[in-house]
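Each remark here refers to the structure printed beneath this line.
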Amino acid sequence: MKTTKTFLIICSALITITASLYFFHFKNNQTVESITYFPLDTEAQFLDAKTKIMNIKTDQNRYQFSVKSYSRLDRPTYLRQDITFIFAGGILIGKLGKWEESTDSLELSGTFSEKDNQIVRAISFHHAELHAKETITSSQSMSDDFLYIIPNALPSLVSFQTPSNEEETGWKEALDKEENQIISTNLKKAVRQLDIDLAEFHIIPLPLLANYQKLPLPSFSRQKSDEIIGQLWEGLYKNYYLGIRKQNGQLISPIGSTVPIVLLSKAKQYLYVIFQTADNEFISLKQQINN
């Protein structure tokens with residue numbers, strides 16, 4: 001009798017979870033905001049996918065800049081959704097997101113403000129969900145941009161990607177050092193808290209993940225790389241973009257958290273995503289890789 005009761009409780013819980021997941025994606029037969037990985041469509045492809053940091057303007061003791069992203073699929077699709085993360089000095093300072101039904105293209109834009117010398121990085125994930133009869137597939141792409149912004153330069157603000165003189169080289173080295181220090185601190189925490197050996201992982205800060213838009217992840221095929229990346233972005237959307245779930249259960253904004261770092265197992269079994277919240281709590285997410 002006790003076994004039967006336990007079984008019924010488990011079944012009830014599973015039904016509730018399934019219903020909740022379904023409700024998250026559909027509500028009264030209407031699509032709601034969600035990025036969900038489905039097997040990649042063999043025909044649909046993005047014709048354009050780009051992210052740009054631009055329009056830098058000084059404003060008293062601060063400066064403003066715009067981040068824009070644009071993507072276009074080769075056909076209208078059931079659901080299009082794009083998200084963009086904006087980091088300054090290894091810290092998340094903003095995010096953009098938009099979804100729309102029955103369209104092929106999306107454009108995002110936002111204006112942000114900073115005051116110190118910074119390396120600003122933006123990375124976007126462009127996603128499409130396609131429905132054909134009873135089959136659901138997806139298409140995806142990534143794009144990124146970065147810029148060193150030096151408001152303290154004389155006689156006026158300077159911005160560049162590649163330094164053109166000795167002074168700019170010095171600024172680049174200083175800003176790279178600050179960003180790398182944040183990454184190094186989180187890697188050290190990962191070693192302690194996850195009890196791992198970093199030599200067993202490929203280390204990929206999230207803004208550099210766009211390098212694998214055209215190249216496969218280390219030791220993986222192009223097809224498997226796309227699958228891993230698509231599932232990774234689904235996890236980032238639900239566990240970072242929408243909010244970070246702390247160990248005490250509290251859901252907080254990701255703004256002010258450190259740049260997520262992907263630790264890809266060289267054994268090709270799983271990956272971690274690690275970062276630190278604005279109030280310094282270490283967070284790790286784990287994604288299994290099915291071979």
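Just so you know, these numbers come straight off a predicted model, no measurement behind them.
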Modelled atom types, side-chain donor and acceptor of Ser265 and Tyr272, under 3.5 Å: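 Absent: no donor and acceptor within the cut-off.
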Distance-only side-chain donor-acceptor flag, Ser124 / Thr51, under 3.5 Å: yes
N/O donor-acceptor pair under 3.5 Å between [X] side chain and [Y] backbone:
{"X": "Glu101", "Y": "Tyr78", "result": "no"}
{"X": "Asn211", "Y": "Leu208", "result": "yes"}
{"X": "Lys98", "Y": "Asp82", "result": "no"}
{"X": "Thr103", "Y": "Glu100", "result": "no"}
{"X": "Glu107", "Y": "Ser71", "result": "no"}
{"X": "Arg72", "Y": "Ala49", "result": "no"}
{"X": "Ser184", "Y": "Asn180", "result": "no"}
{"X": "Gln64", "Y": "Ile56", "result": "no"}
{"X": "Gln181", "Y": "Lys177", "result": "no"}
{"X": "Thr258", "Y": "Gln276", "result": "yes"}

Charged N-O contact under 4.0 Å between Lys172 and Glu168: no
Do Lys266 and Glu200 sit within salt-bridge range, that is, some charged N less than 4.0 Å from a carboxylate O? no
Please step through salt bridge (Lys or Arg N to Asp or Glu O under 4.0 Å) for the pair Arg121 and Asp145, ending with a clear verdict. CA-CA 6 Å; Arg121 297 186 186 274; Asp145 195 18; over 6 Å; no
Taking side chain as C-beta onward, heavy atoms only, is [X] less than 4.5 Å from [Y]?
{"X": "Tyr70", "Y": "Ser143", "answer": "no"}
{"X": "His127", "Y": "Arg80", "answer": "no"}
{"X": "Leu264", "Y": "Ile289", "answer": "yes"}
{"X": "Phe275", "Y": "Ile261", "answer": "no"}
{"X": "Ile204", "Y": "Leu217", "answer": "yes"}
{"X": "Phe112", "Y": "Ser66", "answer": "no"}
{"X": "Val191", "Y": "Leu198", "answer": "yes"}
{"X": "Val120", "Y": "Phe87", "answer": "no"}

Does [X] [atom1] have over 12 foreign heavy atoms under 6.0 Å away?
{"X": "Asp279", "atom1": "CG", "answer": "yes"}
{"X": "Lys115", "atom1": "NZ", "answer": "no"}
{"X": "Asp197", "atom1": "CG", "answer": "yes"}
{"X": "Lys224", "atom1": "NZ", "answer": "yes"}

I need the minimum non-hydrogen distance between [X] and [Y], along with the two atoms involved.
{"X": "Leu108", "Y": "Gly97", "result": "CD2-C, 3.8 Å"}
{"X": "Leu147", "Y": "Gln161", "result": "CD1-CG, 3.9 Å"}
{"X": "Leu73", "Y": "Ala44", "result": "CD2-CB, 4.4 Å"}
{"X": "Gly89", "Y": "Ile182", "result": "O-CD1, 3.0 Å"}
{"X": "Arg222", "Y": "Pro216", "result": "NH1-N, 3.7 Å"}
{"X": "Asp104", "Y": "Arg75", "result": "CB-O, 3.3 Å"}

Same cluster or not: [X] versus [Y], using hydrophobic residues (I, L, V, M, F, W, Y) connected whenever any side-chain heavy atoms lie under 4.5 Å apart?
{"X": "Leu47", "Y": "Leu106", "answer": "no"}
{"X": "Ile91", "Y": "Leu96", "answer": "no"}
{"X": "Phe65", "Y": "Leu175", "answer": "no"}
{"X": "Leu194", "Y": "Leu285", "answer": "yes"}
{"X": "Leu206", "Y": "Ile86", "answer": "no"}

Measure from NZ or CZ of [X] to the centre of the six-membered ring of [Y], then state whether that distance is under 6.0 Å and the direction lies within 45° of the axis.
{"X": "Lys95", "Y": "Tyr241", "answer": "yes"}
{"X": "Lys268", "Y": "Phe220", "answer": "yes"}
{"X": "Lys189", "Y": "Phe282", "answer": "no"}

Take Ile150 and Leu157, measure what side-chain contact (heavy atoms from CB on, under 4.5 Å) needs, and give me the verdict at the end. CA-CA 6 Å; Ile150 316 296; Leu157 179 148; over 6 Å; no
Determine, stepwise, if the pair Ile244 / Leu251 fulfils side-chain contact (heavy atoms from CB on, under 4.5 Å). CA-CA 5 Å; Ile244 300 169; Leu251 187 67; 5.7 Å; no
Residue pairs passing the ring-ring contact (aromatic ring centres under 6.0 Å, His included) test with at least one member in residues 137-156, sequence neighbours excluded, are Tyr148-Phe160
Applied to residues 44-63, the ring-ring contact (aromatic ring centres under 6.0 Å, His included) test, sequence neighbours excluded, yields none
What distance separates [X] [atom1] from [Y] [atom2], expressed to the nearest 0.5 Å?
{"X": "Ile274", "Y": "Leu263", "atom1": "CD1", "atom2": "CG", "value": "4.5 Å"}
{"X": "Thr277", "Y": "Arg245", "atom1": "OG1", "atom2": "CZ", "value": "13.5 Å"}
{"X": "Tyr37", "Y": "Glu129", "atom1": "OH", "atom2": "CD", "value": "13.0 Å"}
{"X": "Gln193", "Y": "Lys188", "atom1": "CD", "atom2": "NZ", "value": "14.5 Å"}
{"X": "Leu79", "Y": "Ile35", "atom1": "CG", "atom2": "CD1", "value": "9.0 Å"}
{"X": "Glu43", "Y": "Ser139", "atom1": "CD", "atom2": "OG", "value": "11.5 Å"}

Can you classify the ring geometry of Trp233 versus Phe125 as parallel (below 30°), tilted (30 to 60°) or perpendicular (above 60°)? parallel
With side-chain contact (heavy atoms from CB on, under 4.5 Å) as the criterion, how do Ile183 and Val259 come out once you've worked through the C-alpha distance, each side chain's angles and the decisive distance to 0.1 Å? CA-CA 8 Å; Ile183 293 173; Val259 58; 4.2 Å; yes
Evaluation steps, side-chain contact (heavy atoms from CB on, under 4.5 Å), between Glu114 and Ile149: CA-CA 10 Å; Glu114 283 291 313; Ile149 304 178; over 6 Å; no
